[in-house]
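These notes are about the structure you will find just below.
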Amino acid sequence: MGYPDRPGWLRYIQRTPHSDGVLYGSPTAEHVGKATVIEITAYNRRTFETARHNLVINIMATEEFPLPYQAEFYIKNMNVEEMLASEVLGDFLGAVKNIWQPERLNAINITSALDRGGRVPLPINNLKEGVYVMVGADVPFSSCLREVESPHNQLRCSQEMEPVISCDKKFRAQFHIDWCKISLVDINRVVPVYITRPDPGTGILPEFGEYDPPSESLKTRDYFSDFLITLAVPSAVALVLFFILGYSMCCRREGVIQLVHHSSIQKSSKELRSMSKNREISWPLSTLPVFNPVSGEVVPPIHPDNYETTSMPLMQTQTNLQNQITIPQQRPSGDSYVMSTFRRLEVNGIPEERKVAEALNL
């Protein structure tokens, strides 16, 4: 009541909407003597009828019931709400009392295995999440409980094997206990540990009393000179570097690039000229003079020497020439014959029939 949630030591669990809700937990020594009021509000989902109830929990000190010997059992086949039932918890305390034989035996704490780092079991084979039950008694532990601390059983636990406990058969009928996780604590032998705090220095405020700020007698410090040194020196160095780089890039770069570009052009031109003089290629037939075997005259070439050959095709075609003769083959009679190829003759002023006859007589 008066807070947004339950106390830290109190837990609530309800498996299904139709099952009972369970409040459980164990308060600590700081909650002793303080009444805890739990305000419970419930409503009916069908009729929306609302009910409210206040549950008052009074926490008593444990000095009235000193139980110095405490043993914690891990039960694998139980859930926490099943263990909190009065008849089930009574059966478990009765089994522990048979093997321990104390005068007083009480349950101190019941915790779900999920609250101790356990995993949620798979919803198969009716697996349980497990529950830890701590009980306290006023007499030392029995020999049956001490068997867990034997070296043989400790070795079996380290090898993930079940230890051999003589009194395990008294629990097997209803409770499956993991004896490797049992914990035996004797409060009388527990050495209290007191943590001493070191002496606080001048920079730590005292625990009690009001805060006393420093007086105005503290010396003031001028940070203007530090600011100038931090800002002016890097700025001056950057300015000098900027001027040097600007002079190198803007004042000298253009002339150097022009000289280098001009010299590279001259060098390339000379190299091309020398290569054109030294090359040895066969001129096209259209650029060479032609000898006429009939008239004996030399016909000048179609293209002069100064003709631009850069646009000339690789293979010359003379389909458009006026003085062009196609000489057919001549096959003489007899056993042997000579295959004559077509010849192209360039003759000026000779009829076509005469040129063909003269070509066959050659």
Side-chain angles (χ1 to χ4, degrees), residues 6-13 22-32 36 57-119 121 128-150 153-154 157 162-163 165-168 170-193:
R6 302 181 306 273
W9 58 270
L10 189 61
R11 296 181 176 88
Y12 174 76
I13 187 172
V22 180
L23 281 172
Y24 69 100
S26 298
T28 58
E30 62 182 2
H31 300 98
V32 174
T36 302
I57 302 176
N58 296 317
I59 303 173
M60 298 181 298
T62 58
E63 285 77 8
E64 299 179 2
F65 304 97
L67 301 173
Y69 301 98
Q70 299 176 2
E72 187 179 50
F73 299 86
Y74 175 59
I75 305 173
K76 297 187 290 184
N77 62 333
M78 286 286 176
N79 289 333
V80 61
E81 68 274 12
E82 297 175 351
M83 197 67 196
L84 287 171
S86 58
E87 60 275 6
V88 178
L89 182 60
D91 295 340
F92 178 75
L93 293 179
V96 174
K97 192 172 184 179
N98 291 332
I99 64 173
W100 200 339
Q101 299 297 328
E103 294 181 3
R104 287 178 301 187
L105 183 69
N106 292 328
I108 299 176
N109 188 17
I110 300 176
T111 308
S112 173
L114 301 181
D115 299 332
R116 302 281 292 270
R119 296 182 178 181
K128 305 294 183 178
E129 62 187 25
V131 60
Y132 288 90
V133 180
M134 178 177 287
V135 297
D138 56 349
V139 297
F141 303 107
S142 63
S143 59
C144 175
L145 297 178
R146 291 290 184 182
E147 292 178 0
V148 182
E149 300 177 349
S150 63
N153 288 329
Q154 292 294 326
C157 289
E162 293 186 3
I165 305 298
S166 60
C167 57
D168 181 49
K170 296 184 179 180
F171 295 92
R172 281 288 179 178
Q174 189 175 359
F175 306 100
H176 188 191
I177 298 178
D178 189 351
W179 293 98
C180 291
K181 293 184 179 181
I182 190 173
S183 176
L184 304 178
V185 179
D186 188 356
I187 299 180
N188 298 326
R189 296 183 180 181
V190 174
V191 178
V193 179

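Y132 carries R116 over the face of its six-membered ring, with the cationic atom under 6.0 Å from the centre and within 45° of the normal.
In this structure, P7 and H31 have side chains that are not in contact, with every pair of non-hydrogen atoms separated by 4.5 Å or more. Looking only at side-chain heavy atoms (C-beta outward), L23 and R6 come within less than 4.5 Å of each other. Under the 4.5 Å side-chain criterion, counting only non-hydrogen atoms from C-beta, N153 is in contact with E147. Looking only at side-chain heavy atoms (C-beta outward), W9 and T36 come within less than 4.5 Å of each other. Looking at V32 and P27, their side chains never come closer than 4.5 Å, going by heavy atoms from C-beta outward. The side-chain heavy atoms of F171 and I75, taken from C-beta on, include no pair separated by under 4.5 Å.
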Criterion side-chain contact (heavy atoms from CB on, under 4.5 Å) on E129 and S112, from CA distance to verdict = CA-CA 7 Å; E129 62 187 25; S112 173; 2.8 Å; yes
Decide side-chain contact (heavy atoms from CB on, under 4.5 Å) for L105 and W100; before the verdict, give the C-alpha distance in whole Å, the side-chain angles of both, and the deciding distance to 0.1 Å.
-> CA-CA 9 Å; L105 183 69; W100 200 339; 4.1 Å; yes
Please step through side-chain contact (heavy atoms from CB on, under 4.5 Å) for the pair V139 and Q101, ending with a clear verdict.
-> CA-CA 8 Å; V139 297; Q101 299 297 328; over 6 Å; no
Could you please spell out the steps behind the side-chain contact (heavy atoms from CB on, under 4.5 Å) verdict for L67 and N106?
-> CA-CA 8 Å; L67 301 173; N106 292 328; 3.8 Å; yes
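A pairwise comparison of heavy atoms in I108 and S26 identifies O-OG, 3.2 Å as the closest pair. The nearest pair of heavy atoms linking P102 to D138 is CB-OD1, 3.8 Å. The minimum heavy-atom distance between W179 and P163, with the atom names listed, is CB-CG, 3.6 Å. Minimum heavy-atom separation, F141 to R146: CD1-NH2, 3.4 Å.
Side-chain atoms of D168 do not come within 3.5 Å of backbone N or O of H176 as any donor-acceptor pair. Side chain of E72 to main chain of L184: no donor-acceptor pair is present (N/O by atom type, distance under 3.5 Å, no hydrogens or angles).
In this structure, CD1 on I165 lies 7.5 Å from CD1 on I182, to the nearest 0.5 angstrom. In this structure, I177 CD1 and K170 NZ are separated by 12.5 Å, a value rounded to the nearest 0.5 Å.
Remark: D178 engages no residue in a side chain to side chain donor-acceptor pair (under 3.5 Å) (not counting sequence neighbours).
Outside the 6.0 Å centre-distance limit, the rings of F175 and F73 are not counted as a close aromatic pair.
Atom NZ of K97 has 12 or fewer neighbouring heavy atoms from other residues, nucleotides or ligands inside a 6.0 Å radius. Other residues, nucleotides and ligands place more than 12 heavy atoms under 6.0 Å from the CZ atom of R172.
Tested against V131 for a side-chain contact (heavy atoms from CB on, under 4.5 Å), the candidates L114, I110, T111 yield a single pass: I110.
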Hey, can you pull the donor-acceptor pairs under 3.5 Å for the side chains in residues 80-88, sequence neighbours left out?
residue: E81; atom: OE1; partner: R15; partner atom: NE; Å: 3.3
residue: E81; atom: OE1; partner: R15; partner atom: NH2; Å: 3.3
residue: E81; atom: OE2; partner: R15; partner atom: NE; Å: 2.7
residue: E82; atom: OE1; partner: N79; partner atom: N; Å: 3.3
residue: E82; atom: OE2; partner: K128; partner atom: NZ; Å: 2.9

